[in-house]
Amino acid sequence: MNYDEVSPRVYGQKESVYRILEEAATEARRISSSIQALAGTKACKGVQIAGLKKWAIQNKYWIADRNTLGEFSDRGSENEVYMDSVNEIVYKLNDFRYADDNLEPFFERLRIHNGLFPDCEYLLHGFSENRDGRVCAVISQPFVRADREASIEEIAGALALMGFIPQQEGEYFTNGEIDIFDALPNNVLHGIDGNLYFIDTICLPASNNYLDSYKTLSPNWKK
């Protein structure tokens, strides 16, 4: 059986994401290091979120009116989605749900995703509050012109071409260095150009064993 390949790099020919991603990641890491030095733990998600809001306001990365991003479109398990139809950009307010007790893996996740799927690259624009009043990272992706969701078979085939092997009956995929979660039809689109677009998967270092955390946080995990 033949499978569509992941679409070629047509968006954002970059070696790294925008500067703000690195700056925000550095600030989150600084807060984590301070808490670890004082309390001996890196579990500081709440402190990091409060600190990043203050940091974003001070550095003009705070988006006070989320409606300037576009029209509200949808609400997923971790993202509140807005659509800028004029510029064909999808904005997501991510509430850090899968960051567990530390935000550092969240920023690493964006970097890994952008390396694997640069055609639907995440760009970090700043921070804002969603409709529930929760502080979120404001990330964007290009709008994908798709004719349908990708099938489970197409997803598995495309990832196999990239060296990723399914684990636990396809609950996640790994190449030994990176684990990919949420590679489900509603998170992978079949473009009108015949390519697959991985728009909403979760990519994390395999060595850090995020599986247990993911299982407790994701509504998609089979109980």
Side-chain angles (χ1 to χ4, degrees), residues 12 14-66 68-69 75-82 90-117 121-141 177-182 200-219 221:
K14 300 180 181 73
E15 293 182 357
S16 62
V17 294
Y18 286 163
R19 174 171 50 90
I20 184 174
L21 174 59
E22 299 307 325
E23 292 180 356
T26 298
E27 179 65 12
R29 186 166 53 251
R30 183 192 68 77
I31 295 172
S32 176
S33 297
S34 297
I35 295 297
Q36 186 175 22
L38 290 171
T41 178
K42 296 186 74 172
C44 57
K45 178 178 176 179
V47 179
Q48 285 174 313
I49 290 175
L52 280 172
K53 178 179 180 179
K54 180 179 179 180
W55 172 84
I57 293 172
Q58 291 175 338
N59 290 276
K60 303 186 185 304
Y61 293 145
W62 183 256
I63 300 172
D65 184 3
R66 60 182 176 274
T68 60
L69 301 173
R75 168 71 212 191
S77 60
E78 63 172 342
N79 292 312
E80 194 170 272
V81 183
Y82 292 78
V90 177
Y91 289 94
K92 298 177 179 180
L93 272 63
N94 186 292
D95 63 10
F96 306 113
R97 184 166 306 182
Y98 293 136
D100 197 14
D101 57 5
N102 192 296
L103 297 188
E104 291 181 67
F106 171 79
F107 297 107
E108 182 67 11
R109 164 187 164 188
L110 297 186
R111 295 190 192 98
I112 294 174
H113 171 96
N114 291 349
L116 292 175
F117 310 116
E121 178 184 41
Y122 284 123
L123 300 179
L124 178 63
H125 296 268
F127 298 83
S128 185
E129 289 184 354
N130 64 12
R131 290 184 166 191
D132 296 328
R134 301 183 65 170
V135 176
C136 297
V138 179
I139 54 181
S140 73
Q141 291 176 299
E177 297 181 357
I178 297 169
D179 291 342
I180 299 179
F181 303 97
D182 270 8
D200 207 15
T201 54
I202 297 174
C203 309
L204 292 165
S207 59
N208 289 347
N209 191 23
Y210 288 107
L211 178 59
D212 290 340
S213 295
Y214 172 78
K215 287 164 65 175
T216 64
L217 297 168
S218 174
W221 185 262

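Since this is a predicted model, take the numbers as computed values, not measurements. The residues of the chain are indexed from 1 along the displayed sequence.
- Within the 4.5 Å cutoff, the side chain of Ile20 has no heavy atoms near those of the His125 side chain.
- The two residues Asn102 and Ser32 have their closest heavy-atom pair at ND2-OG, 3.1 Å.
- Trp62 is listed as a side-chain neighbour of Val135, based on a closest heavy-atom distance under 4.5 Å.
- Separating the CZ atom in Arg30 from the CD1 atom in Ile35 is a distance of 9.5 Å, to the nearest 0.5 Å.
- Interatomic distance, Lys53 NZ to Glu129 CD, rounded to the nearest 0.5 Å: 4.0 Å.
- Classification of the Phe96-Phe107 ring pair by plane angle, with boundaries at 30° and 60°, yields tilted.
- Glu104 places no side-chain N or O within donor-acceptor distance of the main-chain N or O of Arg29, the cut-off being under 3.5 Å.
- Under the 3.5 Å distance criterion, the side-chain polar atoms of Asn130 are matched with a main-chain donor or acceptor of Asp132.
- Salt-bridge check for Asp95 with Arg97: passed, with a basic side-chain N closer than 4.0 Å to an acidic carboxylate O.
- Considering CZ of Arg134 and CD1 of Ile49, their distance stands at 7.0 Å, rounded to 0.5 Å.
- Below 30°, between 30° and 60°, or above 60°: for Tyr61 and Trp55 the angle between ring planes is between 30° and 60°, a tilted geometry.
- Here the closest non-hydrogen pair linking Thr201 and Asp182 is CG2-O, 3.6 Å.
- For the atom pair CG (Leu116) and CD1 (Ile178), the distance works out to 4.5 Å, reported to the nearest 0.5 Å.
- Within 6.0 Å of CD on Gln58 lie more than 12 heavy atoms contributed by other residues, nucleotides or ligands.
- Annotation for Arg75 and Ser77: closest pair NH2-O, 3.6 Å, computed over non-hydrogen atoms.
- Heavy atoms only, all atoms of each residue included: Lys45 and Leu103 are closest at CG-CD2, 3.9 Å.
- Residues Leu69 and Val138 approach most closely at CD1-CG1, 3.9 Å, considering heavy atoms.
- Atom CG of residue Asp200 and atom CZ of residue Phe181 lie 14.5 Å apart, to the nearest 0.5 angstrom.
- Side-chain contact check for Ile63 versus Tyr91: every heavy-atom pair is 4.5 Å or farther apart.
- A salt bridge links Glu22 with Arg111: the closest approach of a Lys/Arg side-chain nitrogen to an acidic carboxylate oxygen falls below 4.0 angstrom.
- Counting all heavy atoms, side chain and backbone alike, Ile31 lies closest to Gly51 at CD1-CA, 3.9 Å.
- Between Leu123 atom CG and Leu110 atom CG the span is 9.5 Å, to the nearest 0.5 Å.
- Contact of the Ile139 side chain with the His113 side chain is not registered, since no non-hydrogen atoms from C-beta on lie closer than 4.5 Å.
- Applying side-chain hydrogen bond (donor to acceptor under 3.5 Å, both in side chains) to Lys92 and the options Glu78, Gln141, Glu80 leaves one that passes, Gln141.
- Listed for the Asn94 side chain is no donor-acceptor partner under 3.5 Å among the backbone atoms of Ala137.
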